[in-house]
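Below, chain A is the first sequence line, B the second, and so on; all start at residue 1.
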Amino acid sequence: MISDLMADPVAVAKMDKIVALCKRRGFIFQSSEIYGGLNGAWDYGPLGVELKRNLKDYWWRSMTQVRDDIVGFDGSILMNRAVWQASGHEATFSDPMVECLLTKKRYRADQIEPQSGTAYYYKGFKANSSVPQDKSNPLDDGQSILSTETALPFAVLVPKGKPEASAQKTARQYYEGRVQATITDLILDRSEVVEKSTSFNPENGSLLSEPRTFNLMFKTYVGPVQDESAITYLRPETAQAMFVQFKNVLEVSRKKLPFGIAQIGKAFRNEINPRNFTFRSREFEQMEVEFFVKPGTGPEWLEKWKEERLAWYEAIGIPRAKIHVLTVPDADRAFYSQGTYDLEYEFPFGVQELEGIAHRGNYDLKQHQDHSKKPLEYFDEELKQKYLPEVVEPSAGVDRTVLAVLCEAYAEETVKDEESGKEETRVVLRFVPRLAPIKAGIFPLLKNKPELVEKARGIQKALQPLMKVAYDEAGSIGKRYRRIDEEGTPFGITVDFETLEGAKEASVSATGAPIAAGEKETVTLRHRDSMKQERIAIADIPAYLLARIA
RNA sequence: GCGGGCGUAGUUCAAUGGUAGAACGGUAGCCUUCCAAGCUACACACGAGGGUUCGAUUCCCUUCGCCCGCUCCA
């Protein structure tokens, strides 16, 4: 499914344009760009930081302000190493990998099915060679056409009873894939019967590489002495700090179950392969709630949270139809999970996860209670008993959601100039106003008319304490409108000659109030999405805008 | 990490073993009465390092980054 979308040249081109726009307008830059960048790290520019803040603020208000069963929290990134030992990250957040020498495919070493059979070990091969066998050896000019022997150990496992010929076939494939030469003979070293070996690829019998470990946590040292006792990790998720502080937060917040803890913060994963712009980064930000509920009520809260979160995405401009709810199958679920929904968005590069909503049972609290030897139970006054609550965790990626918002907002449309009939492409970011980095652009129609400039500056000053606005007087008014379109600014306010001279004819203000002919102190209000213009009284602007950006 | 492709202004694209060009965009000025108008000027690039060479953006090596595939994705 993903590869189908990846292959779509329109989608790829759209993604390229979004990336270019992000840089051009200052949403997102590559980290440490002047030094060649750093794979999997990104910086948010002047517009990007506003967008990201607006997104986080809205999440924060949704969780901690408009509901009273969740309290906020901000945990440290560095924690006692014991946290990661108790959570299981230190032991399991790493994968021993092996590689098939023949196909170069990689497998989890612990998922290789043990094989039995006869293993044929080869020392190398003889070939009539006319090309270099060793590209790194400058003395090997590749001009030799002598029959040469090349040492390159390899092995193939074949089922018991099968002849060596089938092993030779695989070995020839391996050698021929590495040299452009006619292989005349294989040099057999030995053969032996093996039982339950995990050294060979079950799919083709090819020898596998030695297992190598990929630890996804960034290891670091606390304090000046870099020895074993100083090791800890940059947190790979924000969740653990909330579990570890469960008792403290519960105590001071005077909450009863069900209740939750909300946190927004950075997390770090040493991903094998960061990809797709900011989608998979090594440093990223999470928005997570740990919602603690009575034992047995986890499943129903899982459903509630799924609906809650879907509604939230609609409120930031991502339609429900673009969100795919994946019920994660048992086999793919993390071991602690008793049920997980993934909310996925249709990115141009494929359908990918924005948020995981997991019913984690009491796994985390139990682990920390066992390891710390500190009781983390909740006393239920109603039931007169102590228990470990279950946890439902809606865990969303901030950067991924920002990217989804950008992808969803990006639009190109063909607009026709009415005078010249000339067609042009208008690029516009249709952010919902509450997320837009800049809420309004403020313009004097002409910059060489001091009265217009002065009035526009006055409106700017009046709005600045209330919201992020931008003043611009450069170039033609049309150019300035197009510029704010690309930045996703929903409203344009233009001070024109009607502002100074009074309205030419009677009309209706954007607020619905009548405007009499000759009335002064009105400006043009221009809408980003429709490009429609209407008039509004200067005095009404703050209330009008505030009602639309909440 | 493996395999393949690719790195020239912010963007799109030229040219070249011997001073790197354009368009759009940007900045400033003039002008401009509502959707990227016009004029003038200015700034901005051969991803980085090394090698070959009298001279390298061009050839070679390394490295970094990007894209595609594999893999991974607590």
Legend entry - Residues, nucleotides or ligands: over 12 heavy atoms within 6.0 Å of A/Glu505 CD: no

Legend entry - Residue list, salt bridge (Lys or Arg N to Asp or Glu O under 4.0 Å) with A/Lys266, at least two apart or on another chain: A/Glu283

Inset, instruction - Starting from C1' on B/rA45, measure out to CD1 on A/Ile34 and report it in whole angstrom. - result: 15 Å

Inset, instruction - Run the ring-centre check on A/Tyr233 versus A/Phe218 and record whether the distance is less than 6.0 Å. - result: no

Legend entry - Identified stems (criterion: three or more consecutive Watson-Crick or G-U pairs, under 3.5 Å), RNA chain B: B:1-7 with B:64-70, B:10-13 with B:21-24, B:26-30 with B:38-42, B:47-51 with B:59-63

Inset, instruction - Mind calculating the distance between CZ (A/Arg280) and C1' (B/rC68) to the nearest angstrom? - result: 15 Å

Inset, instruction - Provide the distance between the two C1' atoms, one in B/rU58 and one in B/rA15, to the nearest whole Å. - result: 11 Å

Table of protein N/O atoms under 3.5 Å from nucleotides 12-14 of chain B N/O atoms:
none

Legend entry - Gap between atoms CZ and C1', on A/Arg269 and B/rU71 respectively (whole Å): 17 Å

Legend entry - Span that lies between the P atom of B/rC39 and that of B/rC24, in whole angstrom: 9 Å

Inset, instruction - May I ask you to decide whether A/Arg426 forms a salt bridge with A/Glu412, counting only side-chain N to carboxylate O separations under 4.0 Å? - result: no

Inset, instruction - For B/rC66, take OP1 and OP2 only and decide whether either is under 4.0 Å from a side-chain N or O of A/Asn39. - result: yes

Inset, instruction - Among residues two or more places apart or on two chains, list those pairs meeting side chain to side chain donor-acceptor pair (under 3.5 Å) that have a residue in residues 451-460 of chain A. - result: A/Lys455-A/Glu521, A/Arg457-A/Gln460

Inset, instruction - Using atom CG of A/Leu38 as one end and atom C1' of B/rA48 as the other, report the distance to the nearest whole Å. - result: 15 Å

Legend entry - Output field: ring centroids A/Phe291/A/Trp305 closer than 6.0 Å: yes

Legend entry - Note: A/Arg400-A/Glu285 ion pair, threshold 4.0 Å (strictly below): no

Legend entry - A/Val523 and A/Ile541, any side-chain heavy atoms less than 4.5 Å apart: yes

Inset, instruction - Could you say whether A/Asp364 or A/Thr425 is positioned toward the 5' end of RNA chain B, judged by the nucleotide with the nearest heavy atom to each? - result: A/Thr425

Inset, instruction - Could you check how far CG of A/Asp485 sits from P of B/rA36, rounded to whole Å? - result: 11 Å

Legend entry - Distance test, side-chain N/O of A/Arg483 to OP1/OP2 of B/rG26, below 4.0 Å: yes

Inset, instruction - Classify the nucleic acid contact of A/Arg528 as base, sugar-phosphate or nothing, counting any heavy atom under 4.0 Å across all strands shown. - result: nothing

Legend entry - For A/Asp370, all residues meeting salt bridge (Lys or Arg N to Asp or Glu O under 4.0 Å), sequence neighbours excluded: A/Lys366

Inset, instruction - Step through it carefully: locate the ring centre of A/Tyr481, locate the ring centre of A/Phe443, and say whether they are under 6.0 Å apart. - result: yes

Inset, instruction - Anything under 30° is parallel, anything over 60° is perpendicular, the rest tilted; go ahead and classify A/Tyr345 against A/Phe347. - result: perpendicular

Inset, instruction - Nearest-nucleotide wise, let me know which of A/Val415 and A/Gly40 is further upstream toward the 5' end of RNA chain B. - result: A/Val415

Inset, instruction - Scan A/Tyr336 against the nucleic acid and name what it touches under 4.0 Å (heavy atoms): base, sugar-phosphate only, or nothing. - result: base

Inset, instruction - With C1' as the reference atom in both, quote the distance from B/rG21 to B/rC64 in angstrom, rounded to an integer. - result: 28 Å

Inset, instruction - Indicate, yes or no, whether a donor-acceptor pair under 3.5 Å links the base of B/rC35 to the side chain of A/Arg426. - result: no

Legend entry - Gap separating the CD1 atom of A/Ile264 from the CD atom of A/Gln286, nearest 0.5 angstrom: 11.0 Å

Legend entry - Near-ring test A/Phe292/A/Phe246, centroid separation under 6.0 angstrom: yes

Inset, instruction - Send over the distance from A/Lys23 NZ to B/rA9 P, rounded to a whole Å. - result: 8 Å

Inset, instruction - Could you work out the separation of B/rG55 and B/rG65 based on their P atoms and round it to a whole Å? - result: 31 Å

Inset, instruction - Determine the contact category for A/Gln30: base if any of its heavy atoms lies under 4.0 Å from a base atom, sugar-phosphate if only primed atoms, P, OP1 or OP2 are that close, otherwise nothing. - result: sugar-phosphate

Legend entry - Euclidean distance for P, B/rG5 against B/rA43 (whole angstrom): 40 Å

Legend entry - Summary of protein contacts for nucleotides 29-34 of chain B, nucleotide by nucleotide, where a base hit scores B, a sugar-phosphate-only hit scores S (4.0 Å, heavy atoms): S-BBBB

Legend entry - C1' spacing across the pair B/rG38 / B/rC31, given as an integer number of angstrom: 8 Å

Inset, instruction - Rounded to whole angstrom, note down the P distance from B/rA22 over to B/rA41. - result: 12 Å

Inset, instruction - Mind checking A/Phe29 for me? I need base, sugar-phosphate or nothing, with any heavy atom below 4.0 Å counting as a touch. - result: nothing

Legend entry - Selected nucleotide, minimal atom distance to A/Lys479 side chain, candidates B/rG26, B/rU11, B/rC66: B/rG26

Inset, instruction - Just compare B/rG10, B/rC66, B/rA36 and give me whichever is closest to any side-chain atom of A/Glu486. - result: B/rA36

Legend entry - Single hit among A/Arg528, A/Arg526, A/His527 for side-chain contact (heavy atoms from CB on, under 4.5 Å) with A/Ser530: A/His527

Legend entry - Whole-angstrom distance between B/rA20 and B/rG4, as gauged at atom C1': 30 Å

Inset, instruction - Measure the distance from CG on A/Asp472 to C1' on B/rU27 and round it to the nearest whole Å. - result: 12 Å

Inset, instruction - Return the value, rounded to whole Å, for the distance between atom CD of A/Glu413 and atom P of B/rA36. - result: 13 Å

